[in-house]
Amino acid sequence: MKIKIINRSKNQLPNYATLLSAGMDIRANVEGAIVLKPMERKLIPTGLFLSIPEGYEAQIRPRSGLALKSGITLLNTPGTIDADYRGEIGIIMANLSDTEFVVRNGDRIAQMVIAKYEHIDWEEVSSLDETQRGKGGFGHTGKE
Ligand SMILES: O=c1ccn([C@H]2C[C@H](O)[C@@H](COP(=O)(O)OP(=O)(O)OP(=O)(O)O)O2)c(=O)[nH]1
């Protein structure tokens, strides 16, 4: 499947399309660097614009290395990029650690998945079919 992208980042990258084909990492597009203080969140620009086909969405997810080593997550994970969105992709980074974290221009700060979703014909009813689980949830079967 083909997806058109525009790369307006300042990064000295070869071809973003080629990079995305190799691995779906998303890079920061910032002036120099941005500092995230402990428990701070910031919208980090990417310089990236997409035109996703109808019926698909992009999901923006954290990187496990940043999470484990630096306590960095994406606050709204997975971030949703709608098919009809034509603005710049932004990454909502949050620093859950107790030390400052520096985001430098070109850093790989997130990853992206293109996912298909179903168009649902919703039907409102007054009762649902019965199942063995019923209303049991949130660990009602215990630990073992
Ligand atoms: O991590 C994200 C999440 C969203 N967006 C952009 C693309 C998306 O299509 C749009 C709206 O996102 P969402 O539907 O999550 O936001 P909302 O809070 O429901 O706002 P809206 O009223 O704009 O839909 O914002 C990003 O760039 N990065």
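Read the numbers this way: they start at 1 and go in the same order the structure lists the ligands and their atoms.
- Using a 4.0 Å cutoff on heavy atoms, I89 counts as a contact of ligand 1.
- Under 4.0 angstrom from ligand 1, the non-hydrogen atoms of N76 all belong to its side chain.
- Inside a 4.0 Å radius of atom 20 (O) of ligand 1 there is not any protein heavy atom.
- For atom 23 (O) of ligand 1, the nearest protein heavy atom is 4.0 Å or more away.
- Protein heavy atoms are found less than 4.0 angstrom from atom 5 (N) of ligand 1.
- In terms of polar-atom proximity, G90 is counted as a contact of ligand 1, with an N or O under 3.5 Å from an N or O of the ligand.
- Interface of G79 with ligand 1, defined as ligand atoms under 4.0 Å from a residue heavy atom, comprises 1 (O).
- In terms of protein heavy-atom proximity, atom 15 (O) of ligand 1 is closest to T80 O, 4.3 Å.
- The NZ atom of K2 sits 8.0 Å away from atom NZ of K4, with the distance rounded to the nearest 0.5 Å.
- Checked against I92 for a side chain to side chain contact (heavy atoms under 4.5 Å, CB included), the options L75, I60, T77 give a single hit: L75.
- Between Y56 and I3, the closest side-chain pair of non-hydrogen atoms is not below 4.5 Å.
- Counting only heavy atoms, the protein gets under 4.0 Å from atom 27 (O) of ligand 1.
- Atom 9 (O) of ligand 1 lies below 4.0 Å from at least one non-hydrogen atom of the protein.
- Contact annotation for D82 and ligand 1: heavy atoms of both the backbone and the side chain come within less than 4.0 Å of the ligand.
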